[in-house]
Amino acid sequence: MPELPEVETVRRGLETLLGRSAVIDHVELRRRDLRAPIPRDLPRRLAGQPIIAVRRRAKYLIFDTPAVGLLCHLGMTGTWRLAPPGDERTHDHCYVHLADGRRLAFRDPRRFGLLALTTAARPHAALTGLGPEPLDAAVFHADALLAACRGRRAATKAVIMDQAVVVGVGNIYAAEALFRAGIRPARPAGRLGRDRCERLVGAIRSVLAKAIAAGGSTISDFRQAGGDGGYFQHEFQVYDRDGQPCLACRATLRQRRIAGRSSVYCPGCQR
DNA sequence: CGAATCACCTGATCGC
DNA sequence: TGCGATCAGGTGATTC
């Protein structure tokens, strides 16, 4: 489900729900076998802790407490919701019971998600080796992308989805950014000139920012923590539009598999 | 070493 | 209606 805009939307929803004074009473694990097992001591480490912030790094959420951070990745199907009494669903793997009586539920049918602990002193391994945040112009810019692409023969689409190059870009927004930058997804990354890197950086940044402003994209069952769906799916130019006309030049959009992921592009507009 | 492929899981959808 | 094949917003391990 979630790329950067969806995770950021969830983060903002959680921030609104939790406000400034949420305190964890206790954490209840229903099953531990997600992508990696949820640590046994996670409930004990979080019990009684106030949530002082909900941050996002890449596609990860971090619930900060004075003692430790609760690290969460939504995988493909992870969701957080406020679960009133009686609202228990299959694939609810974790309940965070708050001191005010409310309950946050983490639900993840495919179990590709992650719940773990992280601290400033010992950051979780998943947080090391992450590339720059795309919305931070100080760290993600054409020179950085150009340097990351140098010598790489992999498809440009695969490279911008590489979380060591730039974080937060997944299959949907990679396709959309490449269309907006006029670059074929299969173009070897090492053959991007500075002009294309410039355009691609701008396209990634603007498509992610617009998607955040739209509350993310709702396909299948994504919902932000407040329960509302985003609406950026109505802005898709190429994703899931194989065989349909390009909205810019009317050519028929094509789909191929690149690095194992379906990739739609316009053979007329993208070079 | 980099790059492509597989594996992890469940659920929705599609063609027969 | 039922059933198998295929696909899905991610990422880490394995293979080439």
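The figures here come from the full heavy-atom set of this structure, side chains too, leaving out hydrogens, waters and symmetry mates. Numbers restart at 1 for each chain; the letters A, B, ... are given by sequence-line order, proteins then strands.
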Looking only at non-hydrogen atoms, find the nearest pair between Q163(A) and G168(A) and report the distance.
OE1-N, 2.8 Å
For R257(A), report the nucleic acid contact type (base, sugar-phosphate, nothing); a contact means any heavy atom under 4.0 Å.
sugar-phosphate
Decide whether V264(A) and I172(A) are clustered together by the hydrophobic rule: side chain heavy atoms of Ile, Leu, Val, Met, Phe, Trp, Tyr closer than 4.5 Å, transitively.
no
Between dC3(C) and dC9(B), how many Å separate the two P atoms, rounded to a whole number?
24 Å
Nearest to the side chain of A154(A) - dG10(C), dA8(C), dA4(B)?
dA4(B)
Below 4.0 angstrom, N of the basic side chain to O of the carboxylate: do R103(A) and E28(A) qualify?
no
Run the salt bridge (Lys or Arg N to Asp or Glu O under 4.0 Å) test against R12(A) and tell me which residues pass, sequence neighbours left out.
E8(A)
Enumerate the protein-to-nucleotides 13-16 of chain B contacts in which both atoms are nitrogen or oxygen and the separation is below 3.5 Å.
none

If I take atom CG in residue D240(A) and atom C1' in nucleotide dC7(C), what distance separates them, rounded to the nearest angstrom?
11 Å
Carboxylate-amine/guanidinium proximity below 4.0 Å for R254(A) and D242(A)
no
When you measure from the side chain of R196(A) to the backbone of I183(A), do you find a donor-acceptor pair of N or O atoms at a distance under 3.5 Å?
no
Rounded to the Å, how far apart are R153(A) CZ and dC16(C) C1'?
14 Å
Is it true that L200(A) and V167(A) fall in one hydrophobic cluster, defined by side-chain heavy atoms closer than 4.5 Å?
no
Cation-pi, F112(A) ring and R35(A) (6.0 angstrom, 45 degrees):
no
Going by atom types only, do E6(A) and Y173(A) share a side-chain donor-acceptor pair under 3.5 Å?
yes
Do any N or O atoms from the side chain of R199(A) and from the backbone of L178(A) form a donor-acceptor pair under 3.5 angstrom?
no
Mind running a 4.0 Å heavy-atom check of residues 158-171 of chain A against DNA chain C and sending the residues that fall below it, in number order?
Q163(A), G170(A), N171(A)
In this structure, which stretches of DNA chain B are paired as stems of three or more consecutive Watson-Crick or G-U pairs, both distances less than 3.5 Å?
B:2-8 with C:10-16, B:10-16 with C:2-8
What protein N or O atoms touch nucleotides 7-11 of chain B N or O atoms at under 3.5 angstrom, if any, and at what distances?
residue, atom, partner, partner atom, Å
dC9(B), O3', R111(A), NH2, 2.7
dC9(B), O2, R110(A), NE, 2.8
dC9(B), N3, R110(A), NH2, 3.3
dT10(B), OP1, R111(A), NH2, 2.8
dT10(B), O3', H91(A), NE2, 3.1
dG11(B), OP1, H91(A), NE2, 2.5

Taking the same atom, P, in dT11(C) and in dA12(B), what whole-Å distance lies between them?
23 Å
All heavy atoms of L135(A) vs all of L208(A), minimum pair found to be CD2-CB, 4.2 Å
Can you tell which of dA3(B), dA8(C), dG10(C) lies closest to the side chain of E3(A)?
dG10(C)
Check the phosphate of dT11(C) against H73(A), side-chain N and O only, distance under 4.0 Å to OP1 or OP2. Yes or no?
yes
Return the value, rounded to whole Å, for the distance between atom CZ of R152(A) and atom C1' of dA3(B).
9 Å
Under-4.0 Å salt bridge between D108(A) and R110(A):
no
Any R261(A) side-chain nitrogen or oxygen under 4.0 Å from OP1 or OP2 of dA8(C)
no
Is the backbone N or O of H97(A) less than 3.5 Å from a side-chain atom of R102(A), with the two atoms forming a donor-acceptor pair by type?
no
As an exercise, state the distance from CD1 of I51(A) to CG of L70(A), rounded to the nearest 0.5 Å.
8.0 Å
Take atom OH of Y239(A) and atom C1' of dC7(C), then tell me their distance rounded to the nearest Å.
9 Å
Ring geometry between W80(A) and F106(A) (parallel below 30°, tilted from 30 to 60°, perpendicular above 60°):
tilted
Could you write out each protein N or O paired with an N or O of nucleotides 12-14 of chain C at a distance under 3.5 Å?
residue, atom, partner, partner atom, Å
dG12(C), OP1, R35(A), NH2, 3.1

Can we say D92(A) and R81(A) salt-bridge, meaning some charged N sits less than 4.0 Å from an Asp/Glu carboxylate O?
yes
